[in-house]
Number of protein chains: 2
Amino acid sequence: MTTNGASTRRAELLGIAAELFAARGFRATTVRDIADAAGILSGSLYHHFDSKESMVDEILSTFQTQLFAEYDAVLASDDDARTKLERLVRISFDAIDRNRPAVAIFQNDAAVLAEDDRFDYLRAHNERFRTMWTELIDEGTRSGALRDDLDPVLTYRFIRDTVWVAVAWYRPGGQFSASEVADQYLSILLDGLGAR
Amino acid sequence: MTTNGASTRRAELLGIAAELFAARGFRATTVRDIADAAGILSGSLYHHFDSKESMVDEILSTFQTQLFAEYDAVLASDDDARTKLERLVRISFDAIDRNRPAVAIFQNDAAVLAEDDRFDYLRAHNERFRTMWTELIDEGTRSGALRDDLDPVLTYRFIRDTVWVAVAWYRPGGQFSASEVADQYLSILLDGLGAR
DNA sequence: GTCTATAAACTGATAGAC
DNA sequence: GTCTATCAGTTTATAGAC
């Protein structure tokens, strides 16, 4: 339409590809699948993108950049450890709500993609993510906000996994909003399922 | 070696295929990959199996049958709800320890495979699993063992996901045994991360 | 139980016309 | 921005020899 008619079409195609990658897996999704869903022929995709790999690359790197910008704002604040933990969890559920396909691709395909040098940033992302959480858990344990009788590495994995795995079932517009799911997940995570 | 020399070779090939399916995904693993890993040519695989699909079918159905036999023994006992919950979680971590590839394939590829009528039993498995946990959570809530202020469906998903997602990082022979991981996970799940 | 040889379909990608 | 046409490589699977 306007000056960025080309870039909106590009974004549209990328969104279609992301949905398919998320639903079927990167490898199992063919360029013909993407083209069919977009109503064009497979060769036409190459006017917009170099390769199938460059599509998933753009989906994942864009998502990662946005997510860490939000994380950094929390980490730079002077909230206490427990508040930061809650805010990071809420940001993560919000990311599932607003960018579900990218989170799903990250969960399902990132490990295999990261073997390629092109996706080195995925490894860097994981490392930064791990450091962020490990330091926060450590701070929370020292300040007395969190229990100190658990292994910090297992604690980190537990938090990380419980949050992101929700992408497997969460659907925007479902029974619970991302915020409501975050409320209940944080309640279980911090206080447990057992009756007091 | 003995009368079941053929069946041990079959089991050996199935184990190789399971490791590859778990590591790279079902679709991304080729019959040549499997044959290469086994030290034979791809055509030779078809002496043992009808198709690549029948390999993953056998891996998943065998695993499911074993797992539910163990679950049923717990459900048939007269333990209280909280004890049953703990036993079910421990069985699940044990399954990850003893049959990691099958659990990983189940986690990563079952949703897509289940679209095929051949894998109807995967849908049946999920339904039975959901019923089992939902009834147990309901029983625990009524008996006062579990909190009653949480949504039971979200509670079910939380338990299910936190347990099985550990297959993504757990490795037999690592720092923690399956039993030790189960101890800590159950402790977080029931009592939470927050300090008392 | 494995190999040789090969079929038939699929896949990612390219060149150039419109 | 999309289509026509097509290529080279890959993939699942088969038939028959050893």
Side-chain angles (χ1 to χ4, degrees), chain A residues 1-60 105 108-109 112-113 115-119, chain B residues 1-60 105 108-109 112-113 115-119:
Chain A
M1 310 291 176
T2 63
T3 51
N4 57 355
S7 64
T8 60
R9 179 58 169 160
R10 182 188 177 82
E12 191 182 353
L13 292 171
L14 217 47
I16 290 167
E19 290 284 359
L20 290 171
F21 291 155
R24 323 277 315 168
F26 173 70
R27 187 73 183 263
T29 302
T30 70
V31 291
R32 280 177 178 77
D33 290 337
I34 301 167
D36 284 352
I40 59 178
L41 291 182
S42 64
S44 304
L45 280 176
Y46 291 84
H47 173 73
H48 303 276
F49 305 98
D50 284 344
S51 64
K52 190 174 98 165
E53 228 177 34
S54 77
M55 291 189 218
V56 79
D57 194 341
E58 192 166 330
I59 292 165
L60 291 177
I105 297 165
N108 300 327
D109 294 307
V112 174
L113 290 173
E115 291 173 16
D116 191 319
D117 288 343
R118 167 173 200 160
F119 295 96
Chain B
M1 308 290 175
T2 62
T3 50
N4 57 355
S7 65
T8 61
R9 179 57 168 159
R10 183 188 176 82
E12 191 181 351
L13 293 171
L14 217 48
I16 290 166
E19 290 284 358
L20 290 171
F21 291 155
R24 322 278 314 169
F26 173 70
R27 187 72 183 264
T29 302
T30 70
V31 291
R32 276 182 179 77
D33 291 336
I34 301 167
D36 285 352
I40 59 178
L41 292 182
S42 63
S44 303
L45 280 176
Y46 291 84
H47 173 73
H48 301 278
F49 305 97
D50 284 344
S51 65
K52 192 175 97 164
E53 227 177 36
S54 76
M55 291 189 218
V56 78
D57 193 342
E58 190 165 332
I59 291 164
L60 291 177
I105 298 165
N108 300 327
D109 293 307
V112 175
L113 290 173
E115 291 173 16
D116 191 319
D117 287 344
R118 168 175 199 160
F119 294 96

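Numbered from 1 within each chain, the chains take letters A, B, ... in sequence-line order.
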For the residue pair [X] and [Y], what are the closest heavy atoms and their distance?
| X | Y | answer |
| --- | --- | --- |
| I105(B) | A22(B) | CG1-N, 3.8 Å |
| A35(A) | L45(A) | N-CD1, 4.0 Å |
| F49(A) | S54(A) | CB-OG, 3.8 Å |

Within the pair R9(A) and dT2(D), is there a side-chain N or O less than 4.0 Å away from OP1 or OP2?
-> yes

Do you know which of H48(A), E58(A), H47(A) makes side chain to side chain donor-acceptor pair (under 3.5 Å) with R10(A)?
-> E58(A)

Tell me: [atom1] of [X] to [atom2] of [N], nearest whole Å?
| X | N | atom1 | atom2 | answer |
| --- | --- | --- | --- | --- |
| E53(A) | dA13(C) | CD | C1' | 13 Å |
| E12(B) | dG1(C) | CD | P | 11 Å |
| D57(B) | dT12(D) | CG | P | 17 Å |
| K52(A) | dT11(C) | NZ | C1' | 8 Å |

Taking the side chain as every heavy atom from C-beta outward, state whether L113(A) and L60(A) have any atom pair closer than 4.5 Å.
-> yes

Does the side chain of L13(A) reach to within under 4.5 Å of the side chain of I34(A), using non-hydrogen atoms?
-> no

Throw together a table of side-chain donor-acceptor distances under 3.5 angstrom for residues 23-30 of chain B, partners on residues two or more places apart or in other chains.
| residue | atom | partner | partner atom | Å |
| --- | --- | --- | --- | --- |
| R24(B) | NH1 | E115(A) | OE1 | 2.7 |
| R24(B) | NH1 | E115(A) | OE2 | 2.9 |
| T29(B) | OG1 | L20(B) | O | 3.3 |
| T29(B) | OG1 | G25(B) | O | 2.7 |
| T30(B) | OG1 | R32(B) | N | 3.3 |
| T30(B) | OG1 | D33(B) | N | 3.0 |
| T30(B) | OG1 | D33(B) | OD1 | 3.4 |
| T30(B) | OG1 | D33(B) | OD2 | 3.3 |

Taking side chain to side chain contact (heavy atoms under 4.5 Å, CB included) as the test, write out the residues that go with E12(A), two or more places apart.
-> R9(A)

Hits for side chain to side chain contact (heavy atoms under 4.5 Å, CB included) against D116(B), two or more places apart or cross-chain, chain-then-number order -> E53(B), R118(B), F119(B)

Could you go through nucleotides 16-18 of chain C and list every protein N or O atom that sits under 3.5 Å from one of its N or O atoms, giving the distance for each pair?
none

Contacts to DNA chain D from residues 38-47 of chain A, heavy-atom cutoff under 4.0 Å, which residues?
-> I40(A), L41(A), S44(A), H47(A)

Check each residue of residues 19-33 of chain A for a non-hydrogen atom within less than 4.0 Å of any atom in DNA chain C, then write out the ones that pass by number, or none.
-> T29(A), T30(A), V31(A), R32(A)

